[in-house]
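Have a look at the structure below before the remarks.
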Amino acid sequence: MAENFEENVNSEYGADQIQILEGLEAVRKRPGMYIGSTSLRGLHHLVYEIVDNSVDEALAGVCTEIHVTINQDNSVTVEDNGRGIPVGINHKAGIPAVEVVFTVLHAGGKFGGGGYKVSGGLHGVGASVVNALSDWLEVDICHEGKIYHQRYERGHACNKLKIIGDCAPEKTGTRVQFKPDGTIFEETIFEYDTLKTRLRETAFLTKGLKIVLKDDRGGQEQEKTFHYEGGIKEFVSYLNKSKEFLYEQIMYFEGTKNGVYVEVALQHNDSYNESVYTFVNNINTPEGGTHLVGFRNALTKTFNDYARNNKLLKDNEANLSGEDIREGLTAIISVKIEDPQFEGQTKQKLGNSEARGAVDNIVSEQLTYFLEQNPAVAKVICEKSILAQRAREAARKARDLTRRKTALEGSALPGKLADCSDKDPKNCEIYIVEGDSAGGSAKTARSRATQAILPLRGKILNVEKARLDKIYANAEIKAMITAFGTGIHEDFDISKLRYDKIIIMTDADVDGAHIATLMLTFIYRFMPELIKQGHVYLAKPPLYKLEKNRQVWYAYSDDELDAILAEVGRDQNNKIQRYKGLGEMDADQLWETTMDPEKRILLRVNMNEEEESEVDLTFNTLMGDKVEPRRIFIEENAKFVKNLDI
């Protein structure tokens with residue numbers, strides 16, 4: 001890392017550097033304000049908060065290892081070899097600094113500018129919030145040959161800080177173990193894979209830091225170590241593993257400008273999607289911000305200058321747009337900044353103006369030098385960008401032809417769409433159904449006022465392998481775009497959405513699952529806001545129909561069928577039908593089991609923005625060209641298959 005961030009922090013990091021801002025009572029009353037929610041997402045945030053404190057030590061150059069363990073009782077232990085939280089008395093509070101850190105909100109070494117140069121985490125609310133939302137929390141600190149210990153219950157210290165043993169004089173570090181409070185969280189069972197994704201990302205972003213994740217729960221024992229000397233270069237390589245890259249080397253630029261330390265790694269692949277992820281002090285910024293703007297400016301200007309100077313673009317040809325140059329680009333932009341300012345409600349967008357200039361300056365200068373040194377790579381990227389430019393122009397012409405007419409000009413809606421009569425989108429839903437036979441049943445079964453039906457013929461285009469011009473030329477996709485009303489890609493406008501619920505209804509077999517995946521790939525790549533704002537659902541048709549003595553039961557899983565059979569008895573009067581497709585049901589059955597809002601089961605498609613790089617990688621693995629990553633994915637996940645359709 002650049003010098004001014006690696007140097008051990010000059011000023012003191014002692015008991016009085018921990019500054020107090022306000023009390024802790026509100027946390028248990030309104031946990032959502034501090035950790036986002038009390039769902040699984042909030043539960044895992046507790047671990048991230050404690051880990052982020054250890055990462056701050058690593059960023060200060062005084063910590064090389066972090067061990068995270070899920071214990072048998074579902075508590076979590078986080079241990080690092082940093083300096084250890086100060087154990088001296090904090091003179092403002094009159095209690096040990098460690099107790100201030102765990103019992104006072106907004107207390108930490110991050111506020112006065114003395115303890116840390118840069119820090120992630122939620123700016124000092126971390127440790128005390130975790131303590132307040134835990135049944136119990138124990139902290140052990142190694143300091144000057146002694147082990148200090150303190151226990152808290154629901155945020156309150158149970159005993160004074162005490163020495164419980166000796167350690168080697170040179171050993172330092174902090175060990176925190178906590179058990180989340182079951183009266184606050186909806187679920188208190190940690191998911192190994194969720195922690196794995198986040199900790200892998202943290203290790204990529206903190207070059208050289210070793211993070212070990214271990215699960216000690218019975219029957220789930222596993223351990224994984226993340227340690228990347230290449231830092232974000234290895235992150236790009238990991239994200240590109242399911243893609244064919246256009247050139248071997250991963251470009252890497254770093255430097256410090258105006259107090260902002262900038263690291264950028266990038267590589268193009270042969271896909272048509274842009275995968276750029278931005279971070280500030282290791283915090284993911286899904287909405288981008290000034291650092292992303294600086295990166296895009298530098299990229300667009302530098303490539304256009306190079307293409308003009310080297311006659312790859314003729315004088316009469318238009319400049320390449322940023323979008324053309326970023327087609328198939330995987331990039332990580334990581335900045336370290338002393339006082340990050342975030343914008344927007346969700347604090348997911350960086351606002352510091354100095355970050356834009358710093359990233360622009362460093363990338364422009366070092367990218368220009370790289371392109372001059374590597375003309376073959378520069379030529380490959382420019383040629384791909386020029387192809388993208390032509391496809392974009394063709395797509396624009398196609399798009400202009402398919403522009404959504406206003407509601408008055410209803411003739412613009414696709415002919416096969418059976419629309420609903422209610423014109424208020426809040427009340428309306430659209431079923432995307434595979435095949436005309438199921439579409440026919442659905443049209444008969446539906447509630448005409450609020451339910452629209454759009455039958456699609458066969459499998460839609462796999463957009464993971466197609467450019468925009470091909471997508472606009474595909475009749476089935478065009479029908480969906482027109483029906484939804486929002487437009488796609490840069491034209492997307494969610495305020496024009498014609499239906500509150502978009503429900504994908506496919507057969508409960510392999511083909512049905514494939515069609516649903518193709519549709520989700522299209523929506524994720526070109527209308528991701530529909531998923532983020534909770535408008536996309538999967539219908540869940542029943543798997544079995546059981547008839548006995550003129551009574552009918554529907555079962556949506558094998559377990560449910562077993563439960564019904566246990567209740568009604570297993571004998572020769574049972575008539576069990578396994579549904580293979582929606583077409584096997586008549587309209588009444590389809591309404592009763594899958595479309596009646598009172599009785600149906602809908603699965604909402606959710607997306608965690610914090611794990612967007614992992615979502616992107618999964619789509620690419622499943623829907624991209626490379627077979628090998630898909631084979632590995634299937635081998636790793638085969639054990640989770642519930643309904644195997646052979």
Side-chain angles (χ1 to χ4, degrees), residues 35 39-55 58 63-82 130 133-140 142 147 149 151 165 167 171 173-182 185-206 208-229 234-235 238 241 558-559 608 610-611 613-615 617-618 621 629-644:
I35 52 162
S39 63
L40 266 179
R41 192 170 173 180
L43 180 75
H44 291 89
H45 253 285
L46 299 182
V47 182
Y48 309 154
E49 288 299 336
I50 300 295
V51 169
D52 283 345
N53 288 341
S54 299
V55 171
C63 169
T64 57
E65 282 191 27
I66 301 171
H67 290 255
V68 181
T69 308
I70 309 172
N71 304 306
Q72 288 187 341
D73 62 352
N74 217 62
S75 64
V76 167
T77 303
V78 178
E79 188 170 0
D80 69 43
N81 64 348
V130 174
L133 300 178
S134 294
D135 228 3
W136 53 264
L137 179 147
E138 294 186 354
V139 58
D140 295 286
C142 290
I147 302 170
H149 174 86
R151 179 181 169 94
C167 62
K171 183 174 161 68
T174 306
R175 178 181 177 278
V176 177
Q177 183 177 355
F178 66 92
K179 190 170 196 316
D181 189 339
F185 289 96
E186 294 154 30
E187 286 183 62
T188 55
I189 307 297
F190 287 98
E191 289 181 356
Y192 183 86
D193 285 344
T194 302
L195 292 175
K196 184 173 80 176
T197 301
R198 171 65 181 252
L199 296 177
R200 182 195 284 121
E201 191 173 88
T202 302
F204 277 132
L205 292 164
T206 319
L209 173 65
K210 179 178 172 185
I211 301 180
V212 181
L213 173 63
K214 194 170 173 221
D215 195 340
D216 280 344
R217 293 174 294 190
Q220 300 180 47
E221 291 90 349
Q222 53 187 318
E223 183 174 321
K224 190 107 176 112
T225 300
F226 306 109
H227 186 214
Y228 305 107
E229 288 298 344
E234 288 192 54
F235 199 170
Y238 169 75
K241 69 181 181 186
D558 290 329
D559 291 345
N608 183 350
E610 291 175 9
E611 293 179 11
S613 64
E614 208 62 23
V615 176
L617 182 62
T618 305
T621 301
R630 193 153 40 243
R631 185 182 64 75
I632 294 166
F633 181 91
I634 291 167
E635 284 172 359
E636 285 177 356
N637 292 279
K639 59 180 178 283
F640 302 118
V641 172
K642 288 201 174 76
N643 296 312
L644 191 58

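Because the structure is a prediction, the values reported are computed rather than measured.
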Taking 4.0 angstrom as the limit, do Lys196 and Asp215 come out as a salt bridge?
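Salt bridge: no.
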
Pairwise distance [atom1]([X]) to [atom2]([Y]) - rounded to 0.5 angstrom:
| X | Y | atom1 | atom2 | value |
| --- | --- | --- | --- | --- |
| Tyr238 | Glu201 | OH | CD | 10.0 Å |
| Thr197 | Tyr192 | OG1 | OH | 10.5 Å |
| Glu79 | His67 | CD | NE2 | 7.0 Å |
| Asn74 | Glu187 | CG | CD | 10.5 Å |
| Thr64 | Ile211 | OG1 | CD1 | 11.5 Å |
| Arg175 | His149 | CZ | NE2 | 9.0 Å |

Keeping [X] on the side-chain end and [Y] on the backbone end, is there a donor-acceptor pair under 3.5 Å?
| X | Y | value |
| --- | --- | --- |
| His44 | Leu40 | yes |
| Asn71 | Asp73 | no |
| Glu221 | Gly219 | yes |
| His227 | Gly208 | yes |
| Arg217 | Gln72 | no |

Qualifying residue, where the test is side-chain contact (heavy atoms from CB on, under 4.5 Å) with Thr174 and the options are Ile50, Asp80, Asn81:
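Among the candidates, only Asp80 passes.
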
Is the shortest side-chain heavy-atom distance between Tyr48 and Leu195 below 4.5 Å?
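They are in side-chain contact.
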
Taking C-beta and beyond as the side chain, do Phe178 and Leu133 meet within less than 4.5 Å on heavy atoms?
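Counting from C-beta outward, Phe178 and Leu133 never come under 4.5 Å.
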
Check against side chain to side chain contact (heavy atoms under 4.5 Å, CB included), Phe190 and Val68:
CA-CA 12 Å; Phe190 287 98; Val68 181; over 6 Å; no

Within 6.0 angstrom of Lys179 NZ, more than 12 heavy atoms from elsewhere
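Check passes, neighbour count above 12.
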
Could you check Trp136 against Ser75 for side chain to side chain contact (heavy atoms under 4.5 Å, CB included), going step by step and ending with a plain yes or no?
CA-CA 9 Å; Trp136 53 264; Ser75 64; 4.0 Å; yes

Applying side chain to side chain contact (heavy atoms under 4.5 Å, CB included), run through Glu611 and Thr194 and close with a yes or a no.
CA-CA 9 Å; Glu611 293 179 11; Thr194 302; 3.4 Å; yes

